[in-house]
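Quick one: this structure, given as structure tokens, is what I'll be asking you about.
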Amino acid sequence: MVYVTVASKVEAENIARILLEERLVACVNILGPVFSHFCWEGKVDSAEEYLMIMKTDVRLFVGLEKRVGALHSYEVPEILAVPIVEGSKSYFDWMLSVLPL
């Protein structure tokens, strides 16, 4: 799973659509707004954002990271991959059927 935060719902929907069309992800959930607090340029800041949770395969991460970076409005976008430890076989089978592996 890959987590990405973006500035708006419109940006999240645009990135999700492109990544799905390009088969870099099998599914994207968009949650929000979420409230983020972070350090940026030497000070504590906060922002209202939308969280994207993307399901993909580790073999597609490098391409996914590059594509998100090109589409994203932030100078330093959050693009974090976390392993899926377990899941239903039918869901994994479906994911693999839609990803170009």
Any heavy-atom pair between the side chains of E13 and I30 that's under 4.5 Å?
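Yes. Closest side-chain heavy atoms under 4.5 Å.
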Check whether any side-chain heavy atom of I15 sits under 4.5 Å from a side-chain heavy atom of V4, and report yes or no.
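No, their side chains stay 4.5 Å or more apart.
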If every non-hydrogen atom of A16 is compared with every non-hydrogen atom of M52, which pair is closest and at what distance?
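Minimum heavy-atom contact is N-CE, 3.7 Å.
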Do the side chain of E11 and the main chain of S73 share a donor and acceptor less than 3.5 angstrom apart?
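Yes: the side chain of E11 pairs with the backbone of S73.
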Same hydrophobic cluster for I18 and V68, using side-chain heavy-atom links shorter than 4.5 Å among ILVMFWY?
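They do share one cluster, since a chain of ILVMFWY contacts under 4.5 Å joins I18 to V68.
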How would you list, by chain and number, every residue that makes a ring-ring contact (aromatic ring centres under 6.0 Å, His included) with Y74, sequence neighbours excluded?
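Partners of Y74 under the ring-ring contact (aromatic ring centres under 6.0 Å, His included) test: H72.
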What heavy-atom pair brings A26 and L99 nearest, and what distance separates the two atoms?
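Shortest heavy-atom separation between A26 and L99 comes out as N-CD2, 3.6 Å.
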Quick one: does L31's side chain get under 4.5 Å of I53's, heavy atoms only?
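The answer is yes; the side chains approach within 4.5 Å.
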In this structure, would L71 and I79 fall into the same cluster of hydrophobic residues linked by side-chain contacts under 4.5 Å?
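Yes; I79 is reachable from L71 via cluster members.
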Closest contact, heavy atoms only, A12 versus Y50
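Smallest interatomic distance, heavy atoms only, reads CB-CB, 4.4 Å.
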Given side chains that start at C-beta, do those of M54 and L64 come closer than 4.5 Å, heavy atoms only?
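Yes, their side chains come closer than 4.5 Å.
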Pairwise distance CG(D57) to CG(L24) - rounded to 0.5 angstrom
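Going from CG on D57 over to CG on L24, the span is 11.5 Å.
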Indicate yes or no: at least one non-hydrogen side-chain atom of L101 is less than 4.5 angstrom from one of R59.
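Counting from C-beta outward, L101 and R59 do come under 4.5 Å.
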OG/S88 to CE/M95 distance, rounded to the nearest 0.5 angstrom?
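Taking OG in S88 and CE in M95, the distance rounds to 10.5 Å.
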So, for Y91 and C27, which heavy atoms are closest and what is the spacing to 0.1 Å?
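Shortest heavy-atom separation between Y91 and C27 comes out as OH-CB, 3.7 Å.
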Under 4.5 Å between side-chain heavy atoms, hopping through other hydrophobics if needed: is there a path connecting V58 to M1?
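No; tracing contacts between hydrophobic side chains, which count when under 4.5 Å, never links both residues.
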With heavy-atom distances below 4.5 Å as the criterion, would you say the side chains of F61 and V2 are in contact?
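They are in side-chain contact.
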Please list, chain by chain and in numerical order, all residues satisfying ring-ring contact (aromatic ring centres under 6.0 Å, His included) with Y3, sequence neighbours excluded.
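If we apply the ring-ring contact (aromatic ring centres under 6.0 Å, His included) test to Y3, skipping adjacent residues, there are no hits.
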Do you reckon L51 sits in the same ILVMFWY cluster as V82, going by side-chain contacts under 4.5 Å, direct or chained?
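Yes.
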Less than 4.5 Å apart, any side-chain heavy atom of V6 and any of E49?
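No - every pair of side-chain heavy atoms lies 4.5 Å or more apart.
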Quick one, K89 and W94 - any side-chain contact, counting heavy atoms below 4.5 Å?
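Side chain of K89 against side chain of W94, heavy atoms only: no contact under 4.5 Å found.
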Taking S36 for the side chain and S46 for the main chain, is one N or O donor matched with an acceptor at less than 3.5 Å?
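Checking the backbone N and O of S46 against the side chain of S36, no donor-acceptor pair under 3.5 Å is found.
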Give the C-alpha distance, both sets of side-chain angles, the deciding distance and a yes or no for side-chain contact (heavy atoms from CB on, under 4.5 Å) between E86 and F92.
CA-CA 10 Å; E86 289 291 336; F92 288 142; 5.9 Å; no
Which heavy atom in E48 sits nearest to a heavy atom in F35, and how many Å separate them?
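It is OE1-CE2, 3.4 Å.
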Which pairs count as salt bridge (Lys or Arg N to Asp or Glu O under 4.0 Å) when at least one residue sits in residues 19-32, sequence neighbours excluded?
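Salt bridge (Lys or Arg N to Asp or Glu O under 4.0 Å) check on residues 19-32 returns R17-E21, E22-R67.
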